Amino acid sequence: MRKVRLYDARHATHSWVANNGVPDTVVSAYADHADLSFTKRAYVHSDPQSLKAGSDKLASCWAGQDC
């Protein structure tokens, strides 16, 4: 079984909630960060599914469909 450091579990949890719709301000407050920009740099990452969804949305906008 892989050893997981407390820091790694914290980072994984904050990243997961940040990438699944929890507002950045809430993640920042939960992480006890004074600086929202640090929270965004540390925990908000692009993932393949989000990039694909964003790409599909842009394509539909450029095609003249509902944005």
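None of the values given here were measured: they were computed from a predicted structure. Position 1 is the first residue of the sequence, and the numbers go up from there.
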Test side-chain hydrogen bond (donor to acceptor under 3.5 Å, both in side chains) applied to Ser28 - qualifying residues, sequence neighbours left out: Thr39
Transitive ILVMFWY cluster of Val26, excluding itself - 4.5 Å side-chain cut-off: Trp16, Val17, Val22, Val27
Mind jotting down which residue pairs meet the salt bridge (charged side-chain N to carboxylate O under 4.0 Å, His left out) criterion with at least one end in residues 22-44? Sequence neighbours excluded, please. Asp24-Lys40
Going by atom type alone, with no hydrogens or angles, which donor-acceptor pairs under 3.5 Å involve a side-chain atom of residues 55-65 and a protein atom two or more places apart or on another chain?
unit_1, atom_1, unit_2, atom_2, d
Asp56, OD1, Lys52, NZ, 2.8
Asp56, OD2, Lys52, NZ, 3.2
Ser60, OG, Lys57, O, 2.8

Which pairs, with at least one residue in residues 3-42 and sequence neighbours excluded, count as a disulfide bond (SG atoms under 2.5 Å apart)? none
So which heavy atom on Ser15 is nearest to which on Ala42, and how close? OG-O, 4.5 Å
Indicate the ring-plane relationship of His11 and Tyr43, choosing parallel, tilted or perpendicular according to the 30° and 60° boundaries. tilted
Within 6.0 angstrom of Leu6 CG, more than 12 heavy atoms from elsewhere: no
Would the distance check show the side chain of Arg10 and the main-chain N or O of Ala31 forming a donor-acceptor pair, the cut-off being under 3.5 Å? yes
